[in-house]
Amino acid sequence: MPATTLAQLIRTRQITSTELVELYIDRIVDVNPLVNAIVQTAFAKALDEANRVDELISSENFDDDPRYSAEKVPFLGVPITCKEIIFVKGLSATAGLKGRIGHVCKEDAEVVKSMRAAGAIIIGLTNTSELAMWWESHNPVYGFTCNPYDLRCIVGGSSGGEAASVASACSVMGIGSDIGGSIRMPAFFNGVFGHKPSPFLVPNKGQFPGVTQQSDMYLGLGPICRYADDLEPMLKCMAYKDGPIDFNQKLNYDMSKIKFISVEDDGWSQFDGWSVFTSPIDRELKLAQRRVVNFLESSCGAKVERKEIMLLRYSLPIWMAIINNNGDPKFSQFCSSNKDNTDVSVYDLPMKNMFLELLKRLVGKSDHCTYVIITGLMERIPMAKASLDQLLAMAKELREYIHQLLEGDTVLIYPSHPMTAPRHHMPCFTCFNFAYTGIWNIMGVPVTQVPLGLDKNGLPLGVQIIGGVNQDRLTIAVARELEAAFGGWVDPTEKYKMYKYEPIRGMSISPRLYNSASQTNFADMADNSPVDR
């Protein structure tokens with residue numbers, strides 16, 4: 001059930017926070033050895049905080065104290081998780097870098113402070129790709145995270161551990177980050193909701209790799225939730241208190257009066273040299289998007305315009321031109337970070353020799369993943385000024401067009417990814433498919449990923465709901481409507497029971513796979529008895 005509902009049960013003394021936290025600890029102990037989503041735990045501290053919440057609620061004046069109203073602390077006593085790159089005091093933020101093992105955060109990130117103030121309890125940190133720059137979540141520190149719907153498949157990245165944790169009911173909800181789809185791709189692959197907020201709506205301070213003035217425009221911290229009802233309350237808690245959106249204003253969107261636009265692909269069929277780098281949209285995903293269109297038209301009375309946006313063919317080069325030429329530190333400088341130089345500006349760190357790292361990788365001696373080494377090598381290849389200028393002009397033209405297109409209560413429906421969750425390592429062969437999500441970071445608009453059931457192989461389907469700048473509440477409202485119509489998150493239990501294969505070598509999957517799969521229940525823990533530890 002939603003986190004807001006759980007908080008209300010705690011507030012009305014139908015369940016204690018300690019009981020709920022213990023349920024999720026039991027869940028993590030039982031399930032996490034299979035999916036490897038949660039890589040650091042804070043069980044003792046979480047139980048201590050839960051006990052304090054219970055003492056507070058049992059106090060004589062709790063019900064009458066406005067400081068603890070549902071409006072002020074909507075997530076009172078509810079356990080959540082957080083992406084490992086985001087600072088949580090007393091825990092590490094290695095970002096999967098071996099050199100940062102042993103680093104301990106001295107303070108919470110701004111969003112973590114806000115969630116704590118809203119009553120949430122941090123129960124653990126979740127896996128990511130190395131330096132949060134790849135769309136499969138694995139790294140030399142924590143290994144691979146596996147999809148709860150099929151352990152052979154990826155969870156996406158870089159917030160993959162967070163989405164897998166939420167999908168497998170190891171967490172009620174969690175905090176992710178997104179600069180190229182790092183919230184939305186994992187949410188899509190794991191069948192949950194994820195929201196990339198409008199620029200400057202949520203403070204980005206307190207993460208590694210750090211945020212610069214240039215990247216602040218394109219990077220967003222946002223919620224990953226099992227239920228759409230939690231998206232807006234969580235976003236409200238995370239957002240700047242004096243931000244551009246008035247979350248206290250009552251809104252009641254009439255779906256029949258919203259203008260919907262459906263774009264089914266990035267113009268892949270119009271081959272022009274760039275489209276070949278991304279995959280065409282899978283047929284089942286197209287059909288799922290068409291079912292959404294049919295629902296909006298037939299059940300909501302909305303008008304949906306089918307449209308092609310030809311400039312989306314250049315999503316990949318536009319994203320690369322903007323992100324790689326915005327004045328941020330070099331990728332190879334981030335690779336030089338370690339636990340002893342965390343107080344040094346990344347701009348002042350030396351550039352790691354990626355040619356040497358490649359040679360070391362070939363003999364199994366590098367501390368970095370292959371994709372990190374290749375990224376570090378590619379950044380040494382300068383883009384021709386004429387090409388860069390052309391792409392920057394295209395980005396400006398497309399951004400202006402999208403902003404004009406999405407004026408008012410207008411929503412764009414777009415694929416979350418061209419295919420459902422692929423097998424481990426497959427992103428190496430389709431590495432540019434993140435362009436379907438990455439382009440919307442460059443456009444500077446809010447996007448909500450919405451699950452739409454499972455495909456024929458039992459893997460999650462989904463779609464992106466895109467709105468105009470600061471229309472976050474509109475895209476979330478559409479997400480709630482689609483959840484009611486299509487069911488939202490699907491319990492992966494039935495699919496999970498089918499696993500009878502051996503784990504992929506090197507993924508550190510527990511042998512418990514063989515004797516636990518048939519007993520493991522992926523239903524929401526709040527609705528089930530705890531398993532024995």
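Throughout, residue positions are numbered sequentially from 1 according to the sequence presented.
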Stepwise, does the side chain to side chain donor-acceptor pair (under 3.5 Å) test hold for K241 with S114? CA-CA 10 Å; K241 303 313 174 189; S114 297; 4.8 Å; no
Using the salt bridge (charged side-chain N to carboxylate O under 4.0 Å, His left out) criterion, which residues pair with K307? Sequence neighbours excluded. E305
With sequence neighbours left out, write down each residue that passes salt bridge (charged side-chain N to carboxylate O under 4.0 Å, His left out) with K396, or none if nothing qualifies. E400
With distance as the sole criterion, is a donor-acceptor pair present between the side chains of H424 and E136 under 3.5 Å?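 Yes, E136 and H424 have a side-chain donor paired with an acceptor closer than 3.5 Å.
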For the residue pair Q289 / S262, report whether a side-chain donor-acceptor contact shorter than 3.5 Å exists. yes
Heavy atoms, side chains only, cut-off 4.5 Å: are [X] and [Y] in contact?
| X | Y | value |
| --- | --- | --- |
| Y142 | T94 | yes |
| T475 | I466 | no |
| M133 | V372 | no |
| T5 | D229 | no |
| F208 | L131 | yes |
| T81 | C170 | no |
| L285 | P418 | no |
| I439 | L398 | yes |

Residue from I245, N248, L231 passing side-chain contact (heavy atoms from CB on, under 4.5 Å) with K236: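 Among the candidates, only N248 passes.
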Listed partners of R380 passing side-chain hydrogen bond (donor to acceptor under 3.5 Å, both in side chains), at least two apart: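 In terms of side-chain hydrogen bond (donor to acceptor under 3.5 Å, both in side chains), with neighbours along the sequence ignored, R380 is linked to no residue.
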How would you list, by chain and number, every residue that makes a side-chain hydrogen bond (donor to acceptor under 3.5 Å, both in side chains) with H368, sequence neighbours excluded?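 H368: side-chain hydrogen bond (donor to acceptor under 3.5 Å, both in side chains) contacts with E130, K352.
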Which heavy-atom pair separates [X] from [Y] by the least distance, and what is that distance?
| X | Y | value |
| --- | --- | --- |
| P148 | V35 | CA-CG1, 4.1 Å |
| S182 | K83 | CB-NZ, 4.2 Å |
| I154 | R423 | CG2-O, 3.5 Å |
| I86 | A109 | CG2-CB, 3.7 Å |
| I224 | G176 | CD1-CA, 4.4 Å |
| W489 | A167 | NE1-O, 3.1 Å |

[X] with [Y]: basic N within carboxylate O range, under 4.0 Å:
| X | Y | result |
| --- | --- | --- |
| K257 | D409 | no |
| R116 | E107 | no |
| K113 | E110 | yes |

Among N457, D455, D282, find the one that has a side chain to side chain donor-acceptor pair (under 3.5 Å) with T420. D455
Does CE belonging to M378 count more than 12 external heavy atoms closer than 6.0 Å? no
Single hit among W440, W135, W319 for ring-ring contact (aromatic ring centres under 6.0 Å, His included) with F434: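 Only one of W440, W135, W319 forms a ring-ring contact (aromatic ring centres under 6.0 Å, His included) with F434, namely W319.
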Kindly determine whether R100 and S92 satisfy side chain to side chain donor-acceptor pair (under 3.5 Å), including the steps that lead there. CA-CA 8 Å; R100 287 177 65 89; S92 296; over 6 Å; no
Checking [X] side chain against [Y] main chain: does a donor-acceptor pair fall under 3.5 Å?
| X | Y | result |
| --- | --- | --- |
| D265 | P280 | no |
| N147 | C153 | no |
| R184 | T437 | yes |
| E379 | F331 | yes |
| S159 | S177 | yes |
| T410 | E407 | yes |

Could you tell me the separation between the [atom1] atom of [X] and the [atom2] atom of [Y], rounded to the nearest 0.5 Å?
| X | Y | atom1 | atom2 | value |
| --- | --- | --- | --- | --- |
| I38 | E84 | CD1 | CD | 13.0 Å |
| Q207 | C105 | CD | SG | 11.5 Å |
| K259 | L405 | NZ | CG | 6.0 Å |
| F193 | E483 | CZ | CD | 4.0 Å |
| L91 | I122 | CG | CD1 | 9.0 Å |
| T126 | I85 | OG1 | CD1 | 9.5 Å |

Yes or no on side-chain contact (heavy atoms from CB on, under 4.5 Å) for M383 and N324, after CA distance, side-chain angles and deciding distance? CA-CA 9 Å; M383 183 177 287; N324 293 334; over 6 Å; no
Could you go through the side-chain contact (heavy atoms from CB on, under 4.5 Å) check for M234 and I175 one step at a time? CA-CA 9 Å; M234 189 173 177; I175 306 170; 3.6 Å; yes
N127 and S137: side chain to side chain donor-acceptor pair (under 3.5 Å), yes or no, with the steps? CA-CA 7 Å; N127 205 16; S137 291; 5.9 Å; no
Test of understanding: with side chain to side chain contact (heavy atoms under 4.5 Å, CB included), list the residues that count as partners of A3, not counting sequence neighbours.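 With sequence neighbours excluded, A3 shows a side chain to side chain contact (heavy atoms under 4.5 Å, CB included) to F75, V78, V172, M173, D230, given in chain and number order.
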Intermediate values then yes/no, side-chain contact (heavy atoms from CB on, under 4.5 Å), F260 and V293: CA-CA 9 Å; F260 289 94; V293 170; over 6 Å; no
Residues N190, V166; criterion side-chain contact (heavy atoms from CB on, under 4.5 Å); working and verdict: CA-CA 9 Å; N190 293 275; V166 171; over 6 Å; no
I need the full list of ring-ring contact (aromatic ring centres under 6.0 Å, His included) pairs touching residues 369-405, with sequence neighbours left out, sorted by first then second residue. W134-Y371, H138-Y371
Kindly confirm or rule out a cation-pi arrangement of R291 over F486, judged by NZ or CZ under 6.0 Å from the six-membered ring centre and within 45° of its axis? no
Step by step, work out the side chain to side chain donor-acceptor pair (under 3.5 Å) result for S416 and Q449. CA-CA 7 Å; S416 297; Q449 137 65 29; 2.7 Å; yes
